[in-house]
Amino acid sequence: MEKKILRMGLNAVIILTGCVLGLVLKTDYDFKGILAITVLYLFRNRKKAQMWAGVIIFLLMDSLEMFAALSFILIWFYNGTRGRQNKYFFYLFYPAHLLLLWLVCVAMGIAGIPAI
């Protein structure tokens with residue numbers, strides 16, 4: 001029992017530290033992102049509770065982050081099985097989309113080199 005209380009206290013300190021670092025370092029979602037990850041982890045074995053907790057957390061967030069609550073519709077329908085895997089597609093897609101984004105930046109003149 002004592003170990004369990006100690007573990008819970010240590011987990012709370014780690015989560016609080018993450019929240020403070022999120023605020024201080026001005027990360028995306030600041031402390032709310034850390035809390036969202038924590039809550040989703042805590043409900044990982046209870047899909048319905050996880051979905052509702054995620055919806056509530058993201059609806060309480062600022063402006064555009066509340067639209068992330070819509071992603072829980074997909075989580076609700078996920079059956080736990082992996083879909084088709086095509087890793088070679090992503091080996092090509094990832095660098096190709098970064099190249100495309102860089103070319104858009106070059107065309108806009110915001111890539112640090114003269115526009116085309």
Side-chain angles (χ1 to χ4, degrees):
M1 183 68 167
E2 208 172 283
K3 278 187 173 183
K4 188 174 183 177
I5 293 172
L6 182 62
R7 181 180 294 159
M8 286 174 51
L10 182 59
N11 287 339
V13 167
I14 291 170
I15 293 166
L16 183 62
T17 302
C19 289
V20 169
L21 284 172
L23 278 171
V24 170
L25 298 175
K26 295 180 181 9
T27 62
D28 290 341
Y29 297 102
D30 56 59
F31 73 94
K32 294 173 274 190
I34 304 297
L35 290 179
I37 292 166
T38 302
V39 169
L40 293 175
Y41 175 77
L42 291 174
F43 290 115
R44 70 189 177 280
N45 295 323
R46 297 191 319 243
K47 188 168 132 178
K48 192 173 187 176
Q50 184 184 47
M51 186 206 62
W52 284 113
V55 166
I56 290 167
I57 287 169
F58 283 103
L59 286 177
L60 294 174
M61 288 191 181
D62 303 328
S63 63
L64 293 176
E65 283 88 3
M66 68 182 185
F67 291 109
L70 296 174
S71 66
F72 288 94
I73 294 169
L74 297 175
I75 291 173
W76 179 259
F77 289 107
Y78 178 60
N79 63 7
T81 59
R82 290 180 74 173
R84 286 187 330 166
Q85 300 296 308
N86 190 351
K87 69 178 183 179
Y88 297 108
F89 169 76
F90 291 103
Y91 284 138
L92 177 64
F93 173 78
Y94 188 73
H97 98 279
L98 290 177
L99 177 64
L100 179 65
L101 291 172
W102 179 75
L103 289 172
V104 168
C105 289
V106 169
M108 293 173 59
I110 58 174
I113 60 174
I116 298 173

Determine which pairs satisfy side chain to side chain donor-acceptor pair (under 3.5 Å) with at least one residue from residues 70-85, sequence neighbours left out, and list them in order. Asn79-Thr81, Arg82-Gln85
Co-membership, hydrophobic cluster, residues [X] and [Y], 4.5 Å side-chain:
X: Trp52; Y: Leu70; value: yes
X: Ile15; Y: Val20; value: no
X: Ile73; Y: Val55; value: yes

With rounding to the nearest 0.5 angstrom, report the [atom1] to [atom2] distance, [X] to [Y].
X: Leu10; Y: Ile5; atom1: CG; atom2: CD1; value: 13.5 Å
X: Met51; Y: Phe77; atom1: CE; atom2: CZ; value: 9.5 Å
X: Asn86; Y: Leu92; atom1: CG; atom2: CG; value: 10.0 Å
X: Leu23; Y: Lys32; atom1: CG; atom2: NZ; value: 8.5 Å
X: Ile14; Y: Cys19; atom1: CD1; atom2: SG; value: 12.0 Å

Nearest heavy-atom neighbours spanning [X] and [Y]:
X: Gly54; Y: Leu40; result: CA-CD2, 3.9 Å
X: Gly18; Y: Ile34; result: O-CG1, 3.7 Å
X: Phe43; Y: Ala49; result: CD2-CB, 3.7 Å
X: Leu35; Y: Ile57; result: O-CD1, 4.2 Å

Stacked cation flag Arg44 on Tyr41, 6.0 angstrom / 45 deg: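 Checked: cation-pi criterion met.
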Atom CZ of Phe89 with >12 non-hydrogen neighbours under 6.0 angstrom: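 Yes.
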Please state whether the rings of Phe93 and His97 are parallel, tilted or perpendicular, taking 30° and 60° as the class boundaries.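 Aromatic pair Phe93/His97 classed parallel.
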